[in-house]
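The chain is numbered in sequence order, starting from 1. Just so it is clear, the values below take in all heavy atoms, side chains as well, and ignore hydrogens, waters and symmetry mates.
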Amino acid sequence: EVQLVESGGGLVQAGGSLRLSCAASGLSDWDYVLGWFRQAPGKEREGVSSISGFDGSTHYADSVKGRFTISKGNTKNTVHLRMNSLKPEDTAVYYCAAKSAVWGRDLGYLEYEYDYWGQGTQVTVSS
């Protein structure tokens, strides 16, 4: 059984930083794309960043480019999202999701291609 568990959310002032972590268990290998999505109150869920377990390539949404960094952790099947210079508009529930290579190795954010999802972690940025 595949499980994704997010951690690291919390309350931070604007300009501050947080590091989210996603621990993925049950994945047979690293040939997955791990993506971070977020959903703000009253808005649709959107893709934030993704990383290829195959070759380590990364992608960022324009709204977070230059402020967020996605990386593989030292622990197997762990992915981090370092968020710097946080803004109130970054406030959302952040979800980790995994897409198998069956869907291709592109770093897109089509939600139906992501087979597994975590429960989410709340990030609140105060002004």
Within 6.0 Å of CG in Asn74, more than 12 heavy atoms from elsewhere:
no
Quick one: do Leu107 and Trp103 end up in the same hydrophobic cluster if we chain Ile, Leu, Val, Met, Phe, Trp and Tyr together by side-chain heavy atoms under 4.5 Å apart?
no
Between Tyr109 and Val48, does the side-chain contact (heavy atoms from CB on, under 4.5 Å) criterion hold? Intermediate values first, please.
CA-CA 8 Å; Tyr109 304 109; Val48 173; 6.0 Å; no
Treating Lys99 as the side-chain partner and Asp106 as the backbone partner, does any N or O pair qualify as donor plus acceptor under 3.5 Å?
yes
Does the side chain of Arg38 reach to within under 4.5 Å of the side chain of Asp90, using non-hydrogen atoms?
yes
Exceeds 12 heavy-atom contacts within 6.0 angstrom, atom NZ of Lys65:
yes
Tell me if the CD atom of Glu89 is crowded by more than 12 foreign heavy atoms within 6.0 Å.
yes
Quick check for you: to the nearest 0.5 Å, what is the distance between Lys87 atom NZ and Ser127 atom OG?
14.0 Å
Are Arg105 and Asp55 close enough for a salt bridge, meaning some N to O gap below 4.0 Å?
no
Are any non-hydrogen side-chain atoms of Ile70 and Phe68 less than 4.5 angstrom apart?
no
Using a 4.5 Å cut-off on heavy atoms from C-beta on, say whether the side chain of Leu34 contacts that of Cys96.
yes
Check whether any side-chain N or O of Arg82 sits under 3.5 Å from a backbone N or O of Thr69 as a donor-acceptor pair, and report yes or no.
no
With rounding to the nearest 0.5 Å, note down the distance linking OH in Tyr94 to CG in Leu20.
7.5 Å
Looking at every heavy atom in both Asn84 and Ser17, which two are closest together, and how far apart are they?
OD1-OG, 2.8 Å
Report yes if the side chains of Trp117 and Val2 come closer than 4.5 Å at any heavy-atom pair, otherwise no.
no
So Glu6 and Trp36, do their side chains get closer than 4.5 Å, heavy atoms only?
yes
Supply the atom-to-atom distance Ile51 CD1 to Ser57 OG, rounded to the nearest 0.5 angstrom.
7.5 Å
Angle class for the Tyr32/Tyr116 ring planes (parallel below 30°, perpendicular above 60°, tilted otherwise)?
tilted
